[in-house]
Amino acid sequence: MTTVAVKPATMAQALTRGLRDAMAEDPTVHVMGEDVGTLGGVFRVTDGLAKEFGEDRCTDTPLAEAGILGTAVGMAMYGLRPVVEMQFDAFAYPAFEQLISHVSRTRNRTRGKMPLPITIRVPYGGGIGGVEHHSDSSEAYYMATPGLHVVTPATVADAYGLLRAAIASDDPVVFLEPKRLYWSKDAWNPEDPQSVEPIGRAVVRRSGRSATLITYGPSVPVCLEAAEAARDEGWDLEVVDLRSLVPFDDETVSASVRRTGRAVVVHESGGFGGPGGEIAARVTERCFHHLEAPVLRVAGFDIPYPPPMLERHHLPGVDRILDAVGRLQWEAES
Amino acid sequence: MTTVAVKPATMAQALTRGLRDAMAEDPTVHVMGEDVGTLGGVFRVTDGLAKEFGEDRCTDTPLAEAGILGTAVGMAMYGLRPVVEMQFDAFAYPAFEQLISHVSRTRNRTRGKMPLPITIRVPYGGGIGGVEHHSDSSEAYYMATPGLHVVTPATVADAYGLLRAAIASDDPVVFLEPKRLYWSKDAWNPEDPQSVEPIGRAVVRRSGRSATLITYGPSVPVCLEAAEAARDEGWDLEVVDLRSLVPFDDETVSASVRRTGRAVVVHESGGFGGPGGEIAARVTERCFHHLEAPVLRVAGFDIPYPPPMLERHHLPGVDRILDAVGRLQWEAES
Amino acid sequence: MTVMEQRGAYRPSPPPAWQPRMDPAPLLPDAEPYRVLGTEAATKADPGLLRRLYAELVRGRRYNTQATALTKQGRLAVYPSSTGQEACEVAAALALQDRDWLFPSYRDTLAAVARGLDPVQALTLLRGDWHTGYDPHEHRVAPLCTPLATQLPHAVGLAHAARLKGDDVVALAMVGDGGSSEGDFHEALNFAAVWQAPVVFLVQNNGFAISVPLAKQTAAPSLAHKAVGYGMPGRLVDGNDAAAVHEVVADAVRHARAGGGPTLIEAITYRIDAHTNADDATRYRGDSEVETWRGHDPIALLEHELTERGLLDEAGIQAARDAAETMAADLRERMNQDPVLDPMDLFAHVYAEPTPQLREQQAQLRAELEAESEGSHR
Amino acid sequence: MTVMEQRGAYRPSPPPAWQPRMDPAPLLPDAEPYRVLGTEAATKADPGLLRRLYAELVRGRRYNTQATALTKQGRLAVYPSSTGQEACEVAAALALQDRDWLFPSYRDTLAAVARGLDPVQALTLLRGDWHTGYDPHEHRVAPLCTPLATQLPHAVGLAHAARLKGDDVVALAMVGDGGSSEGDFHEALNFAAVWQAPVVFLVQNNGFAISVPLAKQTAAPSLAHKAVGYGMPGRLVDGNDAAAVHEVVADAVRHARAGGGPTLIEAITYRIDAHTNADDATRYRGDSEVETWRGHDPIALLEHELTERGLLDEAGIQAARDAAETMAADLRERMNQDPVLDPMDLFAHVYAEPTPQLREQQAQLRAELEAESEGSHR
Ligand SMILES: Cc1ncc(C[n+]2csc(CCOP(=O)(O)OP(=O)(O)O)c2C)c(N)n1
Ligand SMILES: Cc1ncc(C[n+]2csc(CCOP(=O)(O)OP(=O)(O)O)c2C)c(N)n1
Ligand SMILES: [Mg+2]
Ligand SMILES: [Mg+2]
């Protein structure tokens, strides 16, 4: 066994590596989307793939998202594993009919005869100063659509592992890539990537006893930061990174909340009708008698994503999270 | 004051009347969609409007939902009040980009300079033996989209009142028409329709002391039936009809749950990521110390809408509601 | 370099050469729909093929009437009849090879049956049973597609995938005149042309989208004229002339198989029945229009040609009729048996493996069903 | 009536008469893009108009360079330059009347400014400030549209509404070659043709959609050829020839205003700069292509024509340049001032009245801001 130096890699690099390894291992994996070929994608995640595997395996499509996903459906029907890139979150909307009416349902419609192993990569979320339509958090739509898996990495290693698992899945997976973590770095060895995590397992990123922060994707680092800051207030916060919104890991989440007795759900997507409602409701159903306070939510406001100059007021930050933790009825304890 | 005989009318008739009265009162109201003109719509809700107001006011459009909603946006920009019909729930999906990226955001984008008073009528929900794509409950998508109002009537009078309020609203309103209530009848006098209710107020349809059923649209009659059946079990159930999902009437709902101490949210839409999560979470946030048990949810399963021959197993019925009520930890009481 | 810096030195060059990528003329459809029956071309048609088409048309018509009858008996939830359009349905399907794929819309049960699908399995959707009662891979028939035009990009993707794999498979995608207005129509045709995918698009222009007549659907000279905007050939054909439809589709299939790329075909036909059994066509069209089209009936047209030319006699007609009756009797009988559906199957194929959440719901339903069967339920 | 009953009595009638609704020939674009500068047609052009176009082009180019410079100084978040495309931007905008509407895409700031919009207000979106910094009704300029092609149906709807109201207003909708692949393009053109709405669609074919060249976007002879599939005329024009663009757009606007319906215009041009300042164009195209197009620069073309014909002298050029510099200096100065945004405005225009939920969130933010300003926050 040789020890390889572990150098820091960015999440974008890990994703590129994930696509490359999947394409090298499985000739049915095809990457397609706007600008994914020659340019390597606007975030360079598909960089080099067209060169290495040819334009038939990594294809610049015409500019039409429903067409991209719709043709991917047909390709999957013939046995390919398309990995589709939607250039930005809000530009996936034109493909919603194909997504809801076909991608999510064809396996069910054909009684298992026509599975659609399609991975839909969606760079998502705000915090990068993007103009309108470039910062949406649209996971609520995907979660409400049975037949889809919905996953989102928060670490460099997960970006690789979850992407490999998504591409290997025989079901369609919406793979949400937190844009503002693309350039986040971590010690991660591309020559020896960690084993692929199965889809559907949450992970405790930080153990704590006072309360649980339930979060995912771009909000994970924010929650970890909040947990550090909370030590000054005397709180020892646990942070659970969901990684997969569908399927949902009730076991890990409930176990944590039963331990701590208090929970705050944190995400960037709008609060009303957003993922937090589902999460809070199911945690409450399962842990009611362990709860010292209602499960609270810290989310984006219920507004269209604001312009860059105001986004910091919209995004859940450390202070807003600590405020919510402070409202977890600590008086009850003493 | 003359007394007029109050004859029973169907919900479909009340809707037709609502459109007609709105068009007669306000020449800027235009109805448009597939088959709304000559045919009067596949549910005959627009019956007679083209004849009375001309094809320019009630227009058979080409068959393209994004085009219908997109041109409605332009018409609204010029001062009209388009009332758009989506033929069935699942056929609204092609219009999602226009809905999310423009309809819901143009007022905000233009700092109030370009309001879009568009009403989007969507016949929705199951229970009518419809084949696939004709029975979806898609309210979760609409609720998660800030800038839209989302309303749904459960009674003949509300169908008229809410539709008038929706058309009069200066904001876009997604108006969900429960298909299986189209032919439900009620004493309602079309010659003297009740005053128009403002959007955003829930109503207690049945008072009770044991627990609150929180519901809307097609599930309201089911909950009322369940409440009757519950008397045999010794439960006196309160039924709250939300009528408006956005804005949400926290006041009425919380007041009811504080009174009863227990609640079940009932809807036909899928449970996971569905409206019930939001409702349960916000009720819990507001009523935590009044709750004897977690707020439970009775919803459609997390599956694509099933074929007619199996839909009765999918739809929340009286038994399933009573089962949930039975799980509201009544032991705690004694 | 600002404008002013450029000045002086600058001598404008001619515009970078503009070249249309191809001559549009050959892409344009003929002014008249192509016909075979009753024309010189009919004499060159293969008599065996014509007889086969005839038998299938008769069977197809009988299928339509039988299925419509089944709606009245409550054995079908709904049936969108293709009476009057049998030539499009049948001749197009028969123009395919076995290895080719068909992408039907909800109205195209007949085309699916003509490809060998079991007539009962083809009706599960419309019966209220599970959507796709057949294995799409068996006869290479995609699920009957309800959301209009959404099957077109599927056909393009499948054909493209086959071509990448080196299989000489062609996909035939069917859509209505109304469906041609959807964005998916546009995107599918464009992808097909850019990729030179082996797809044939067949638009059955039957004059109506439910109640909406063609004139409210498009202002184009013909739907086939849309082809030029994608850089593919457009063909117009008399959709009630089975021989003509077969020839035009077979040509396009051959062209696609040979690597020539996609074709858009518009077949001019007419929907004799209402949109479905639930529709009342008298609300939007007059009887005289229907009568005119009855005078151009696809079966009668072909029967006339065949009998005039001595290729079909009373016995042959009777044989076709008998075969159709046998099919109808079988269909009737089998459709009169209640299908047995297992409610637990609701969870079986949402994912390859049910999620933990679905497993919980499965358990809940199982308990409910047990309670129900024990009669212990309320 | 079954097939067998029909038989005997049946004599097939000819197919119900097929008539193309119009002759497609006049709808087809010419094989060569229309040009004015350097041709005979230029002598007939109005010198005043040409001079006005020239001044606006010079100003437009300066706007592009200034805005790009502002991105480097961090004063703009992003700028999609239209350098090389100024003739399309400016000439098209000037072909409109005051009462007409412009529906620009995100690249068309210049066209909006040419309509009289304040140069700073036109940039709020790209600065990171609120999206639409101007009142769309004031200069009849719809918000700059980011989701591609989605503005096209808006233009159709507005034009249709105006026509219904009896106002002789025309809408000009701008879109790129890439945007023409979107379903919304198709649906908008179809609605416009069916409704005979007074809209003009101007496709700026600048050769690329970010990195994707036209050949991967379409296989059509030209994008203008798409027009025939909708039943509207298609026109091809040299997009770097301001006089030609103005004439073709003005013709189409007149045609629309007179009730003739929509027109699709494809302007052949080239994006000299990268897609935006954030893009690296060297990854997908070579310098020589760019150089070729620099030789067909819209400003130089017009300047050459005007000076050759004695309609412009050094003083005139200097005057245009000075005006452009004045605009640029003003833009620079005003863009260097930090805009003051009120965070509470986040809730002001989501609805006509904030919902109770938004009022709660408003209160929360207000409390946070107060705590922050009191320095009492963590
Ligand atoms: C996306 C979508 N919108 C609306 C419908 C409802 N619908 C079913 S059939 C039909 C008319 C279709 O007309 P056409 O495409 O001409 O096919 P035909 O029925 O004539 O065979 C409509 C509007 C649908 N199925 N899908
Ligand atoms: C619906 C949608 N998909 C993707 C994008 C991302 N995007 C922005 S510009 C662009 C290329 C547009 O090309 P074209 O239409 O030719 O216009 P150009 O940039 O050349 O002016 C893309 C893909 C978008 N804005 N909207
Ligand atoms: Mg039709
Ligand atoms: Mg372009």
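Quick note on labels: first sequence line is chain A, next is B, and so on, each numbered from 1.
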Using a 4.5 angstrom heavy-atom cutoff, name the option from [options] with the most pairs to chain B.
{"options": "C/Pro339, C/Ala209, C/Pro147", "result": "C/Pro147"}
{"options": "C/Gly179, C/Gly183, C/Ser211", "result": "C/Ser211"}
{"options": "C/Val350, C/Asp177, C/Leu346", "result": "C/Leu346"}

message: If the condition is side-chain contact (heavy atoms from CB on, under 4.5 Å), which residues does C/Gln204 pass it with, not counting sequence neighbours?
response: C/Gln85, C/Cys88, C/Glu89, C/Asp108, C/Met174, C/Thr269
Are any of the side-chain heavy atoms of [X] and [Y] separated by less than 4.5 Å?
{"X": "B/Phe301", "Y": "C/Leu365", "result": "yes"}
{"X": "B/Leu63", "Y": "C/Val212", "result": "no"}
{"X": "C/Ile210", "Y": "B/Gln87", "result": "yes"}
{"X": "B/Asp319", "Y": "C/Glu368", "result": "no"}
{"X": "C/Lys216", "Y": "B/Thr38", "result": "yes"}

Does [atom1] belonging to [X] count more than 12 external heavy atoms closer than 6.0 Å?
{"X": "C/Glu333", "atom1": "CD", "value": "no"}
{"X": "B/Arg231", "atom1": "CZ", "value": "no"}
{"X": "C/Asp287", "atom1": "CG", "value": "no"}

query: Do you know which of B/Glu65, B/His134, B/His314, B/Glu34 has the most heavy-atom pairs with chain C at a distance under 4.5 angstrom?
result: B/Glu65
- prompt: Side chain, backbone, both or neither: which part of C/Asp279 has a heavy atom under 4.5 Å from chain B?
  reply: side chain
- prompt: Contact part of C/Gln364 toward chain B, heavy-atom cut-off under 4.5 Å: side chain, backbone, both or neither?
  reply: side chain
Pair C/Arg283 + B/Asp35: basic N to acidic O under 4.0 Å: no
[atom2] on [Y] to [atom1] on [X], rounded to 0.5 Å:
{"X": "C/Thr150", "Y": "B/Tyr93", "atom1": "OG1", "atom2": "OH", "value": "13.0 Å"}
{"X": "C/Asp280", "Y": "B/Leu39", "atom1": "CG", "atom2": "CG", "value": "8.0 Å"}
{"X": "B/His133", "Y": "C/Leu148", "atom1": "NE2", "atom2": "CG", "value": "10.5 Å"}

Any idea which heavy atoms bring [X] and [Y] closest together, and the distance?
{"X": "C/Pro343", "Y": "B/His313", "value": "CG-NE2, 3.5 Å"}
{"X": "C/Leu358", "Y": "B/Ile303", "value": "CD2-CG2, 3.9 Å"}
{"X": "B/Met309", "Y": "C/Arg127", "value": "CE-O, 3.4 Å"}
{"X": "C/Ala77", "Y": "B/Gly129", "value": "CB-O, 4.4 Å"}
{"X": "B/Glu132", "Y": "C/Leu125", "value": "N-CD1, 4.3 Å"}
{"X": "B/Ala64", "Y": "C/Ser181", "value": "CB-O, 3.4 Å"}

